[in-house]
Amino acid sequence: MVEMVWMIEILQYGFMVNALTAALLSAIACGIVGAYVVVKRIVFISGGIAHASFGGIGLGYFLGIEPVICVIPFSIASALSIGEVSRRRGLSEDAAIGIIWAMGMAIGIMFISLTPGYAPDLFSYLFGNILTVPHSDLLIMLLLDVVIVILVYLFYKEFLAMSFDEEFATVVGVPAHRLYLLLLCLVALTAVVLIRVVGIILVIALLTIPATVSRRFTDVLWKMMVLSTIFSAMFSIIGIYLSYLFDLPSGSTIILVSGVVFLLSLLMPSRHILKY
Amino acid sequence: MKSEVIGLRDVWVYHDGLPVLEDVTISIRSHDFLGIIGPNGGGKTTLLKVMLGLITPERGEVKVLGGDPEGNRRHIGYVPQHSPFDHDFPISVMDVVLTGRAGQRLFGRYSDQDRKLAHDTLKMVDMLPFAKRQIGKLSGGERQRVFIARALVTEPEVLLLDEPTAGIDAHIQTEFYEILKKLKEKMAIVMVSHDLTAISIYVDKIACLNRRLFYHNSKELTSDDLEAAYQCPVEFIAHGLPHRVLKEH
């Protein structure tokens with residue numbers, strides 16, 4: 001009952017409707033792509049891509065373009081460079097990730113300092129503020145969700161083959177390296193979707209926690225995607241509720257809720273979890 | 001004359017400036033069952049990857065079914081050494097085998113024919129009851145049979161096996177070789193192995209590789225070959241006359 005009353009009361013605020021819509025839209029992206037990030041073990045590559053995208057935010061400020069739009073090409077460029085550079089012989093993958101991670105952020109800070117005046121929403125790009133998501137951003141999030149869902153639907157079997165064994169997939173004629181780069185681009189798009197919700201610095205949490213919790217319940221990749229979408233939506237909605245109730249920063253509340261659920265899921269020994 | 005499936009001519013591969021394969025020439029013909037032995041680090045895995053077009057040699061020519069390896073490698077069934085896969089990966093045995101068909105048609109789902117082929121192949125390697133099992137929940141021998149099935153659903157003309165019996169119990173190895181014996185009728189097989197006994201029993205031809213390839217298109221190697229390959233005198237116990245590897249000496 002209390003929840004119902006809260007819901008009705010809270011939905012009278014337009015910003016709350018936007019916040020809940022953003023939570024659901026971001027859950028779709030991070031549920032699907034997060035499952036790949038976890039099973040393909042590209043968590044740190046994804047962290048690098050997300051952080052490097054800060055360069056796009058800075059560029060947006062500098063050029064006077066909406067930062068969320070500017071960040072899309074920028075994060076895709078950093079995804080492709082991490083994917084290509086890390087493949088070079090004689091260069092270790094984690095070094096490449098670290099370099100691009102830091103370069104992207106440095107570019108962002110540089111552009112912001114070159115921009116006259118002060119950057120009003122800067123903090124919300126870094127740490128997220130789901131309560132201030134504007135309508136236009138919801139449209140962009142919806143669009144990116146559609147792109148992600150269509151690509152994963154079309155290439156499900158190829159992505160699965162590539163994620164499981166890249167070399168074997170190449171031998172049987174799957175363009176594995178190009179699919180890998182495409183997957184990194186999907187990670188980049190997901191980072192963009194999540195920026196408003198939890199911020200660049202915390203994106204990696206929503207890419208990993210819901211998928212990791214879901215992995216304990218199923219051995220089937222697509223079920224893992226569905227479950228982690230549900231978990232992610234739950235974490236975000238509970239996080240929004242708590243941050244509204246106690247006046248806490250929404251991004252970190254969402255992550256802490258996720259973290260607590262993750263810890264609880266560890267208490268259940270996995271052999272006792274029904275896998276279906 | 002049996003037709004050539006894979007041909008390498010004067011192939012040189014370098015890694016960080018050091019030669020890994022030196023002047024390797026070999027011709028594998030249909031229905032050959034070739035065993036490749038040699039010391040660790042002798043380039044055995046590299047040789048298979050050259051055949052698959054995964055490594056491009058600095059010098060020399062590689063032909064697969066008369067064409068370049070990238071274009072024709074889909075006709076090669078590949079069973080890698082300890083597949084570098086994650087045991088916790090959420091994928092079933094059936095779906096692992098189906099990945100062998102993933103390159104047939106891009107976009108969309110597997111066809112009924114793909115599924116039937118995967119089903120029949122799993123049956124052939126006696127793994128059908130495990131079709132729905134997650135890949136990590138298998139023993140080493142069971143997993144190896146799944147990887148063979150995955151290589152076979154591509155309907156290959158030649159099968160490349162890299163140390164297929166490493167880490168598998170002896171009695172299961174025997175079962176495994178019996179499967180290969182059946183397959184030999186349908187395709188050429190190249191098996192890299194350190195298991196000399198098995199090689200001497202099952203294969204028809206033997207090559208020894210230590211950067212250079214010692215091969216006489218037969219099952220016999222001279223003790224000079226082995227000494228040159230292993231760079232030390234090799235004690236070679238022949239396994240009964242019908243299966244001997246060394247010439248009488």
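Quick caveat, the model's predicted, so the values are computed rather than measured. Order of the sequence lines fixes the chain letters, A, B, ..., with proteins taken first and strands second; residue numbering starts at 1 for each chain.
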How about A:V39 and B:P90: do any of their side-chain heavy atoms sit closer than 4.5 Å?
yes
Taking atom CH2 of A:W222 as the centre, does the number of heavy atoms from other residues, nucleotides or ligands within less than 6.0 Å exceed 12?
no
Hey, is the main chain of A:F168 close enough, under 3.5 Å, to the side chain of B:R150 for a donor-acceptor pair?
no
With a 4.5 angstrom heavy-atom cut-off, is it the side chain or the backbone of B:L98 that approaches chain A, or both, or neither?
neither
Spacing of B:Y78 atom OH and A:D165 atom CG [to the nearest 0.5 Å]:
8.5 Å
So which bits of residues 102-110 of chain B come within less than 4.5 Å of chain A, counting non-hydrogen atoms only?
B:A102, B:G103, B:R105, B:L106, B:F107, B:G108, B:R109, B:Y110
Which residues pass the ring-ring contact (aromatic ring centres under 6.0 Å, His included) test with B:Y177, not counting sequence neighbours?
B:Y202
Where B:L54 and A:E167 come nearest, the two heavy atoms and their spacing:
CD1-CG, 3.4 Å
Chain B contacts, top residue of A:L154, A:V174, A:V38 (heavy-atom pairs, under 4.5 Å)
A:L154
Output a table of donor-acceptor pairs, distance under 3.5 Å, between side-chain atoms of residues 116-124 of chain B and any protein atom two or more places apart or on a different chain; print 'none' if there are none.
from   : atom 1 : to     : atom 2 : distance (Å)
B:K116 : NZ     : B:D120 : OD2    : 2.9
B:T121 : OG1    : B:L117 : O      : 2.5

Quick one: does B:I135's side chain get under 4.5 Å of A:F164's, heavy atoms only?
yes
Toward chain A, the part of B:K49 with a non-hydrogen atom under 4.5 Å:
side chain
Please flag which part of B:L52 lies under 4.5 Å from any non-hydrogen atom of chain A: side chain, backbone, both or neither.
side chain
Exercise: identify the closest heavy-atom pair between B:K137 and A:D219
NZ-OD2, 2.9 Å
Just grab all the ring pair (Phe, Tyr, Trp, His ring centres under 6.0 Å) pairs involving residues 85-104 of chain A, residues at least two apart or on different chains.
A:H51-A:W101
So, do A:T170 and B:R73 sit near enough that their side-chain heavy atoms are less than 4.5 Å apart?
yes
With a 6.0 Å cut-off (strictly less than), is the heavy-atom count around OH of A:Y156, excluding the residue itself, greater than 12?
yes
Over 12 non-hydrogen atoms of neighbours within 6.0 angstrom of CZ in B:R9
yes
Roughly how far, to the nearest 0.5 Å, is CG of A:L221 from CD1 of B:I91?
8.0 Å
Under 6.0 Å from the OH atom of A:Y153, do we count more than 12 heavy atoms belonging to anything else shown?
no
Counting heavy-atom pairs under 4.5 Å to chain B, which of A:E166, A:M224, A:E158 comes out on top?
A:E158
